[in-house]
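Reviewing the structure listed below.
Computed from a predicted structure; not experimentally measured.
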Amino acid sequence: MDYSKFPKPKDDGKASHLFNSVLPDISLQNQQGNFLKLKRSDTFRLIFYFYPLTGNPNKILPKNWNQIPGATGCTLENCSFRDYYEELIKLNAIPVGISTQTVDDIQEMTNRLLIPYDVLSDSDYSLMNALGIPNFTNEKKIYFKRITLIVEKNIVKKVFYPIFPPNKHINEVLEW
């Protein structure tokens, strides 16, 4: 996809507080409706990539979606993490997608795109509010701005923000 046609997001400073922050004791539902605890004692890295909305072929995108800086490209970003899933595992890291979409919407997307890892719903904005994740509002609904957090032992060790273009972001994560 040619992202030169879409507005590029700018660093608004709304993610600068996240480096070295500690994950809150929150659980979110995955695509099967099971709760995944975010604050964990695992030895692997967690790659939390937050994205606004993955379109559904049977639904119309929100109004003016492609004019919102950074909104376009969620499907391609999810597919890039899917395509490099095995390589991330070899690097002792597990990707976890997070959106404000409902569990049903996320389940449709993960089934259609064959996503092999958890994608979580923060439809009640509990994680967004607890960590202060950058967001935007469109048609009275709140969406994440695209951001990725690399977490080691419950501490955010790397923040990628803003992310553009989303389909190339996996290269930055792998390089880090």
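The backbone N or O of Lys157 lies less than 3.5 Å from no partner atom in the side chain of Arg45, so there is not a single donor-acceptor pair. One N or O on the side chain of Asn30 and one on the backbone of Gly33 form a donor-acceptor pair closer than 3.5 Å. One N or O on the side chain of Thr100 and one on the backbone of Ile142 form a donor-acceptor pair closer than 3.5 Å. Between the side chain of Asp122 and the backbone N or O of Met128 there is at least one donor-acceptor pair closer than 3.5 Å. When atom types are taken as modelled, the side chain of Thr137 and the backbone of Lys140 share no donor-acceptor pair closer than 3.5 angstrom. A donor-acceptor contact shorter than 3.5 Å links the side chain of Asn129 to the backbone of Tyr125. A donor-acceptor contact shorter than 3.5 Å links the side chain of Gln31 to the backbone of Tyr117. Between the side chain of Arg82 and the backbone N or O of Leu113 there is at least one donor-acceptor pair closer than 3.5 Å.
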From CA spacing to verdict: ring pair (Phe, Tyr, Trp, His ring centres under 6.0 Å), Tyr51, Phe144: CA-CA 6 Å; Tyr51 64 92; Phe144 286 118; 8.3 Å; no
From CA spacing to verdict: side-chain hydrogen bond (donor to acceptor under 3.5 Å, both in side chains), Tyr161, Asp12: CA-CA 9 Å; Tyr161 179 83; Asp12 55 12; 2.7 Å; yes
Verdict with reasoning, Ile26 to Leu28, per side-chain contact (heavy atoms from CB on, under 4.5 Å): CA-CA 7 Å; Ile26 290 177; Leu28 298 176; 4.0 Å; yes
Stepwise salt bridge (Lys or Arg N to Asp or Glu O under 4.0 Å) check, Glu139 with Lys63: CA-CA 7 Å; Glu139 295 186 323; Lys63 187 176 180 182; 5.9 Å; no
Test side-chain contact (heavy atoms from CB on, under 4.5 Å) applied to Lys5 and Asn66, step by step: CA-CA 9 Å; Lys5 301 173 188 172; Asn66 291 333; over 6 Å; no
Verdict with reasoning, Ser126 to Asp124, per side-chain hydrogen bond (donor to acceptor under 3.5 Å, both in side chains): CA-CA 6 Å; Ser126 58; Asp124 68 355; 3.0 Å; yes
Test log, rule side-chain contact (heavy atoms from CB on, under 4.5 Å), inputs Glu87 and Lys90: CA-CA 5 Å; Glu87 191 166 338; Lys90 289 176 188 172; 5.6 Å; no
Stepwise side-chain contact (heavy atoms from CB on, under 4.5 Å) test for Cys74 and Arg146: CA-CA 9 Å; Cys74 299; Arg146 195 178 311 279; 3.4 Å; yes
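Using a 4.0 Å cut-off between charged nitrogen and carboxylate oxygen, Lys168 and Glu172 do not count as a salt-bridge pair. Between Asp42 and Lys153 there is no salt bridge, since no side-chain N of the basic residue sits under 4.0 Å from a carboxylate O of the acidic one.
Using a 4.5 Å heavy-atom cutoff, the side chains of Leu127 and Ile98 are in contact. At least one side-chain heavy atom of Glu108 sits under 4.5 Å from a side-chain heavy atom of Pro57. Side-chain atoms of Phe136 and Ile68, non-hydrogen and from C-beta on, do get closer than 4.5 Å to each other. Counting heavy atoms from C-beta outward, Ser99 and Pro52 have side chains that stay 4.5 Å or more apart. No side-chain heavy atom of Ile133 sits less than 4.5 Å from a side-chain heavy atom of Lys14. Two residues are said to be in side-chain contact when any heavy atoms from C-beta on lie closer than 4.5 Å; Pro162 and Ile147 fail this criterion. The shortest side-chain heavy-atom distance between Leu53 and Pro62 falls under the 4.5 Å cut-off. Side-chain atoms of Leu88 and Pro95, non-hydrogen and from C-beta on, do get closer than 4.5 Å to each other.
Rounding to the nearest 0.5 Å gives a distance of 5.5 Å between SG of Cys79 and CD1 of Ile115. To the nearest 0.5 angstrom, Leu131 atom CG is 6.5 Å from His17 atom NE2. Between atom OG of residue Ser123 and atom CD of residue Gln29 there is a gap of 7.5 Å, rounded to the nearest 0.5 Å. If you take CG on Asn34 and OG on Ser27, they are separated by 11.5 Å, rounding to the nearest 0.5 Å. Note: Ile106 CD1 to Gln32 CD = 11.0 Å, rounded to the nearest 0.5 Å. One distance of note links CZ of Phe48 with CG of Leu18; it measures 12.5 Å at 0.5 Å rounding.
Looking at every heavy atom in both residues, Thr148 comes nearest to Glu77 through OG1-OE2, 4.4 Å. Between Gln101 and Asp105 the shortest heavy-atom distance is NE2-CB, 3.8 Å.
Transitive grouping of hydrophobic side chains (ILVMFWY, heavy atoms separated by less than 4.5 Å) brings Val151 and Phe160 into a common cluster. Using a 4.5 Å cut-off between side-chain heavy atoms of Ile, Leu, Val, Met, Phe, Trp and Tyr, with links allowed through other members, Phe81 and Phe164 fall into different hydrophobic clusters. In the hydrophobic clustering of this structure, Val156 does not group with Val22; members are Ile, Leu, Val, Met, Phe, Trp, Tyr whose side-chain heavy atoms approach within less than 4.5 Å, directly or through other members. Residues Trp176 and Leu149 fall within the same hydrophobic cluster, defined by Ile, Leu, Val, Met, Phe, Trp and Tyr side chains chained together at heavy-atom separations under 4.5 Å. Residues Leu38 and Val103 do not share a hydrophobic cluster, defined by chaining ILVMFWY side chains whose heavy atoms lie under 4.5 Å apart.
Defined by atom type and a distance below 3.5 Å, a donor-acceptor pair is missing between the side-chain atoms of Ser80 and His169. With 3.5 Å as the limit, one finds a donor-acceptor pair spanning the side chains of Thr54 and Asn78. Using modelled atom types and a 3.5 Å distance limit, the side chains of Ser4 and Asp2 yield a donor-acceptor pair. Defined by atom type and a distance below 3.5 Å, a donor-acceptor pair is missing between the side-chain atoms of Asn167 and Tyr3.
The aromatic ring centroids of Trp65 and Tyr143 lie less than 6.0 Å from each other.
The number of heavy atoms from other shown groups lying within 6.0 Å of NZ (Lys158) is above 12.
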